[in-house]
Each structure stands twice: as C-alpha cells, then as structure tokens.
Amino acid sequence: MVKIGQFFENYLKKESFFIDKSVLFSNYVPDEIIFREEQLQEIANILAPTLRLENPSNLFIYGKTGTGKTISIKHILNSISEIASNNKIPFKPIYINCKLKKVADTEYRLIARLIEEFGQEIPSTGLPTDEVYNIFYKLLDKEKQIVLLALDEIDQLTKKIGDEILYNLTRINSELKNSQICLIGISNNLVFAENLDPRVKSSLSEEEIIFPPYNALQIQDILKRRAKKAFKEDTIQIGVIEKCSAYAAREHGDARRAIDLLRVAGEIAERSGSHIVDMSHLDEAEKKVESDKVISTAINQPKQFQSVLYSILFIAPQKKSFFTGEIYEVYKNLCKQTRLNVLTQRRISDILAEFDMQGIIHATIISKGRYGRTRDISLSIDENIVIKLKEVLEKSLNLT
DNA sequence: AGGTATTCACATGAAACTATTCTCTGAGTTAGG
DNA sequence: TAACTCAGAGAATAGTTTCATGTGAATACCTGT
C-alpha cells in the first residue's frame, strides 16, 4: 500500500512531457491542414453551392490511409456548417464512418444511423428495412434543407452489402420535394468505383478528388506542428521526428501512423522516467505499436478464428510455408482438445482469406500441378510478437 | 520427344440454414368502475 | 372497459453448412518418329 501511494506521489511530482496529448490522437482535427490546400480548395468549390441552397455535385474522394481525407472532410464540414448557421441556412452535415461495426455497416443500420442524426431513435432490429426507409424519407423531407452526407470508408460498406443503398441514396433526390441530399464518398481503395453498378458510379463520382500520399518531408512538417502543440519545448531529441517520419514514409506516407508512433514514444519515455524522448524510445514505440496492433486484432477475433490462428502459429516454426489442408488437420485436433465444434474446410478457407486481408498471414494461391491447388501460406508477423501472441491465444482458448 | 488429357486439392460462389435479438400484433387476462 | 401480459409471427444479422462449379500445372498417357 505504501509503495503504491509513493508511486502516485512520485507520479505527480514528475513533470509530464505533454502539454496536450489529445493533439496526437487520430480523431483530432487541427485548425489548419497543411499540404492539402489544393484539395481543400477543390472540395470547397464543389460544395459551395450548398450555401445558396443549390444541390452540389456528388463527390468522391480517394486516397490511402493517413493521407488526410477524413480530416479534410471534417474540417470542411465544420466550416460550412459554421457559416451556414451564422447565415441561418438550413444545412445539415453528416459524417458517418461505414466501417464501424454495429453502427453503420449494413443497409438497415446506416439508415437507422441517419435517422438518429435527425434526432429520432430507431430500434436496432425488428423493423422491415423499407419501413426504415420511409421514416427516413419523411424525416428528411419535413423541412427544406440541404444534407451533406459524407460516407467514410464507403468501400467497406459496398463490399459487405452491395451497392444497392448507394443507388437508393443517389436516387432519393428525385423523390424529395423540399430537401436535397449530396453524397460524399470517401474510399482508400483506388479502384473501388470500378466494380460498382454503372448507374451508381456515374452519379456518385460526378467529381473526383485524389489525395496523394505525403512524402517524408511533408510528414516531418506535420509532425513538427503537432509536436509543438503536444509536447513541451525541448523534450524531443533532435532527429527523433525525422526518423519517425522516415518510418511512416516508408509505408506509403501514412501520417496517422507517424503521429501514433510519436505519441507512443512519448508515453514510453515518460514512463521510463527519462527527461527527453530519444531514439531508443522511438524504436521501442515502433515495436509496441506493431505488436499492440497484432495482439488486439487477435484478441478481438471470435474463438474459431483464434483457433485457426493458433493452429497456424503451431505449424509456423516448423516450416516456412504451409497449405490450407495442413492447417485444417492441426485445427481439427485443436478443436478436439478445446471441445470446440469443428468447422468445415470451406469455412476455414474463408477465415484464412480474412487473415490474409488483415495482414496477419501472407497467402498466395498456387497450383501444385498434379497435387492440386491451394493457398501457400506464410506467417507475416515478427518473431518476438509470435511468442506473445501465442501466450495470449493460449489463455483465451484455455489451453495449458 | 512432343502433345494432350487427367487429376488433385483445394478455391470460389451462391443459397440455404440456424440461432439470437428485437419489434409488432392480437388474443386472453385482470382490475377497477 | 381500459390496461396489461404474453405467445407467436416477422425481421435483421452473424456465422455457418451444403451444393456446385472452377482451376493451374505436374503427371500419365498417347502418338508418331
């Protein structure tokens, strides 16, 4: 008890590096967005007609993760709605991230979410979908207004449930008397629109804007600005920011990653009692960010997924690559031990495909000629994470 | 030797099924007038 | 008679299973030289 008390005492006395850590979290919207002036201007041009109550063109935004799409849209929505409310213009910005599970990842839930935006509750299940649509229409058309609907990670949505909703949404306008709705699609899949229904495609991508990745120098600038707000002066060793941005630039210029990295490095430094954030903290942060990502995705998977993953980890040290069938055999034995019911190979195949998508494994479909066709699978997780991951999975699956 | 046909071991797709959660509806029940 | 209870019908959704079809190239099997 005394020790813990002492710890808190010391903790208080110790000075923090941070002035305002929230600046380094990914949901922070800075009041100035650098290196995106062109795109911002373009978006502004396209959306400006809303202020005159004219319906603007639908807009589509492409760009990889961490290239500032989300932040830019949020920024623009904020400033339009500010001006709109100053001038009493009936304008309603809605931002929805379609990837959020249980929130907006199905047709029903997306519409339900929209209805919520208009201040009405909808049961999470039980109602027929067209009923929900009707409520939405009525709500939307009750008064004259322009709705700007930004759908982030829209590719996730269509991947899961097809493009019917988008078709419905683009068509809504012709059925509304008072309101107009304008869609802004945000996707980090550059070829997303290719496999959309042509009708949807043409009406959704009336305007397209591409967000290119940042280069190392730009990330450096962004980091410096954020760091200035987040950290106290002279708490970061020279070179740390440079290295941090180099890390991130290496992976297609993901600014979000760089910012995350910097924050974690700061946290590590603080905890270790150092008076400055130095390179070693950064290195450690990189490891931690990586392993946290892997472990938290693993932990959040259902039991069956965990079993399959564990089976993979079991084989991995023995061979550099292995096939679906081998994993299935191991998995079947594992299920016997854990008393889980055994899923069909068909299902395992899908699970493996998902792991591949998540980047946990690397799988290529190969043909072994006379000996069939299968996935050639190799683990793409760092070795020292594997050990930790294995422990975590054993605990979760109640293995001894 | 060169060409063709087979064949393996899965991949991939579509549809149907199961279980769970939740609403809505209408029949039956109850308490008070 | 109004309010309440409760079972059953319908929906949405996630996670599977079942059935059906596809597939790339190493081998087996010919064929003609």
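All chains are named by letter (A, B, ...) in the order of the sequence lines, taking the proteins before the strands, and each is independently numbered beginning at 1.
Scanning residues 304-328 of chain A for heavy-atom distances under 4.0 Å to DNA chain C yields A/Gln304. For the contact set between residues 329-360 of chain A and DNA chain B, defined by any heavy atom under 4.0 Å, the members are A/Gln345, A/Arg346, A/Ser349.
Under 4.0 Å is where a charged nitrogen must lie from a carboxylate oxygen, and between A/Lys288 and A/Glu267 no such pair does. Under the 4.0 Å criterion applied to side-chain N and carboxylate O atoms, A/Asp350 and A/Arg346 are assigned as salt-bridge partners. A salt bridge is defined here as a Lys NZ or Arg NE, NH1 or NH2 lying under 4.0 Å from an Asp or Glu carboxylate O, and A/Arg263 with A/Asp260 meets this definition. Using a cutoff of 4.0 Å between basic side-chain nitrogens and carboxylate oxygens, A/Asp283 and A/Lys287 are not scored as salt-bridged.
At a threshold of 4.0 angstrom between heavy atoms, the contacts of A/Lys160 are confined to the sugar-phosphate backbone, with no base atom among them.
Per the geometry, CD1 belonging to A/Ile365 stands 17 Å off P belonging to C/dG22, to the nearest Å. One interatomic measurement links the two molecules: CG of A/Asp376 to P of C/dA26, which rounds to 14 Å at whole-angstrom precision. Atom CD of A/Glu164 is separated from atom P of C/dA12 by 12 Å (rounded to the nearest Å). A straight line from NZ of A/Lys303 to P of C/dG15 spans 14 Å, rounded to a whole angstrom. The interatomic distance linking A/Ile366 (CD1) with C/dA26 (C1') rounds to 12 Å, in whole Å. Rounded to whole Å, the distance from CD1 on A/Ile111 to P on C/dA11 is 18 Å. In this structure, CD1 of A/Ile377 is placed 13 Å from C1' of B/dA9, rounded to the nearest angstrom.
Partner A/Cys182 forms a side chain to side chain contact (heavy atoms under 4.5 Å, CB included) with one of A/Ile146, A/Asn55, A/Ile46, A/Val147 and no other, that one being A/Asn55.
Comparing C/dG24, C/dA26, C/dT13 by their closest approach to the side chain of A/Arg373 singles out C/dG24. With B/dA11, C/dG24, B/dT21 as the choices, the nucleotide that has an atom nearest any side-chain atom of A/Thr125 turns out to be B/dT21. The side chain of A/Thr106 lies closest to C/dA14 when the candidates are C/dT27, B/dA11, C/dA14. Closest approach to the A/Ser367 side chain among C/dA11, B/dC22, C/dA25 is made by C/dA25 (side chain taken as heavy atoms from C-beta onward). Nearest nucleotide to the side chain of A/Leu127, out of B/dC24, C/dA26, B/dA11: B/dC24.
For A/Gln345 and A/Tyr331, the side-chain atoms include no donor-acceptor pair closer than 3.5 Å. No hydrogens or angles considered: a donor-acceptor pair under 3.5 Å links the side chains of A/Gln358 and A/Gln301.
Residue A/Arg375 places at least one side-chain N or O closer than 4.0 Å to OP1 or OP2 of B/dA11. One finds a side-chain N or O of A/Arg109 lying less than 4.0 angstrom from the OP1 or OP2 phosphate oxygen of C/dA14.
Aromatic pair A/Phe211/A/Tyr62: centroids not less than 6.0 angstrom apart.
Between A/Leu77 and A/Phe91, the shortest heavy-atom contact is O-CE2, 4.5 Å.
Nearest-nucleotide assignment on DNA chain C puts the 5′-proximal partner with A/Glu107, out of A/Glu107 and A/Arg370. Checking A/Lys101 against A/Thr129, the closest nucleotide of DNA chain C that is more toward the 5' end is the one next to A/Thr129.
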(request) Go through the steps for A/His75 and A/Asn78 under the test side chain to side chain donor-acceptor pair (under 3.5 Å), then give the verdict. (result) CA-CA 5 Å; A/His75 183 79; A/Asn78 282 345; 6.0 Å; no

